[in-house]
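Written out below as structure tokens is the structure these notes cover.
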Amino acid sequence: MGEYLPGNLQERLRELREANGYKTREKLAEAIGVNKTTYSRIENGATKTISSDILIKLAELYKVPTDYILGLTNTPENTGYDIKELGLSVDAAKNLYSGKVEPRVVNELLINDKFAMATKMIATYFSGAITQLIATQNKLLDFSYDLLNELTQTGKVPNDKEIQQTKKTLKAAKLPAGNVELDRIQRQLMASIREIKKKLVDEVAEINNNSDILEYEIIEKVKNEALAVPNITNLPEDEKIKILKDAVIKGIQIDKNISDEKMATIEPLIEQSVSMMAKLWNEK
């Protein structure tokens, strides 16, 4: 469903009720087995709190997390699944938590349609259903071949070129069950991996392109900030360093991904770098 706009308890209750086809509060209260006055007072804001019983009933009815109803999250999808609900073993979960497997790769595989199909093919392979089907088909082909061979040997059917070609076709139609399944699974897996690789390569290319643009904008900002000060070369050293430092900071602040905390961490490094640059200029 994606992410929705922020909302409080009352807004979420109204939106969810209407989105799920309950035109009146009375109908909704009846659906969850709650007194209609009690529910109405919660939705219209007359009652500021909601009991855990009613909250859980609503979450189960709408199939959304309780945090979404309370307005604590804007994502209506349930993300708090137990590992048993996901069908994962404890060891599988540990491998994810510990980083033994690469989470990004696992995530990309799980959202890829071709990989999803590959998992179904693997499950079928493990069950042996396809193997049994192919084995049955091979037995029918053997039976047909033996029958035709017997008919030609007894003279009931002429062993001409057409019959000989039919025998060859029956022999060639037999399949090595395991190999066929594994080949199909391998092709499906490789198709999913190629698709994921293309996606990641495209993402990296976009990041690199954005980084190049951002780097250029930062350099231009620093240059323009410094040049905006008249006769900067004639100013005292400490004042010159302060101007350059401020220019670099303003340039870096173009990057919206840099938080105030991170900026506070790198500011001393900026001052140190600018001071070293000024020292080198003086030595020249």
Side-chain angles (χ1 to χ4, degrees), residues 1-7 12 15-16 19-20 56 59-138 175-215 255-259 262:
M1 284 185 279
E3 190 163 304
Y4 284 58
L5 292 172
R12 288 282 160 80
E15 290 167 1
L16 286 166
N20 284 273
I56 291 171
E60 290 175 349
L61 177 68
Y62 297 138
K63 294 180 172 55
V64 297
T66 54
D67 280 357
Y68 180 74
I69 297 175
L70 294 172
L72 301 177
T73 177
N74 300 324
T75 306
E77 287 91 351
N78 192 355
T79 57
Y81 292 106
D82 186 271
I83 59 172
K84 290 182 180 178
E85 292 180 275
L86 297 173
L88 293 175
S89 67
V90 173
D91 287 338
K94 282 181 180 178
N95 283 347
L96 281 170
Y97 294 146
S98 66
K100 189 173 182 179
V101 295
E102 177 55 53
R104 173 69 192 279
V105 174
V106 173
N107 183 71
E108 290 297 336
L109 286 170
L110 291 177
I111 62 177
N112 184 272
D113 290 338
K114 288 184 172 61
F115 181 76
M117 178 58 69
T119 62
K120 294 183 181 299
M121 292 165 64
I122 293 169
T124 304
Y125 172 69
F126 288 161
S127 73
I130 298 296
T131 302
Q132 291 175 7
L133 182 63
I134 293 176
T136 302
Q137 178 182 300
N138 286 341
L175 298 171
N179 291 346
V180 171
E181 287 182 88
L182 289 174
D183 286 345
R184 289 179 63 238
I185 291 169
Q186 184 178 28
R187 287 196 298 272
Q188 190 72 15
L189 285 172
M190 291 307 297
S192 68
I193 290 171
R194 283 193 294 271
E195 201 170 85
I196 292 169
K197 181 182 178 183
K198 183 181 182 304
K199 177 185 175 183
L200 296 180
V201 167
D202 290 344
E203 284 181 6
V204 170
E206 185 178 354
I207 290 170
N208 288 340
N209 183 52
N210 291 338
S211 296
D212 290 342
I213 295 171
L214 182 61
E215 185 178 339
D255 187 350
K256 302 302 181 184
N257 293 319
I258 296 182
S259 63
K262 192 171 183 180

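One is the number of the first residue; the rest follow in order along the sequence.
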Distance in Å, [X] [atom1] paired with [Y] [atom2], rounded so as to fall on 0.5 Å steps:
X: Q188; Y: I193; atom1: CD; atom2: CD1; value: 11.0 Å
X: D91; Y: K100; atom1: CG; atom2: NZ; value: 8.5 Å
X: R184; Y: T124; atom1: CZ; atom2: OG1; value: 8.5 Å

Quick check: do [X] and [Y] have side-chain heavy atoms less than 4.5 Å from each other?
X: L61; Y: N20; value: no
X: K94; Y: V101; value: no
X: I111; Y: K199; value: yes
X: K197; Y: V201; value: yes
X: M190; Y: R194; value: yes

Between [X] and [Y], which heavy-atom pair has the shortest distance, and what is it?
X: F115; Y: L109; result: CD2-O, 3.1 Å
X: A59; Y: T66; result: CB-CG2, 3.8 Å
X: R12; Y: G71; result: NH1-CA, 3.5 Å
X: N112; Y: E195; result: ND2-OE1, 2.8 Å
X: I185; Y: M121; result: N-CE, 3.7 Å

When you look at R104 and L200, which way does the side chain to side chain contact (heavy atoms under 4.5 Å, CB included) test go after all the steps?
CA-CA 10 Å; R104 173 69 192 279; L200 296 180; 2.8 Å; yes

If the threshold is 4.0 Å, N to carboxylate O, is there a salt bridge linking K198 and D202?
yes

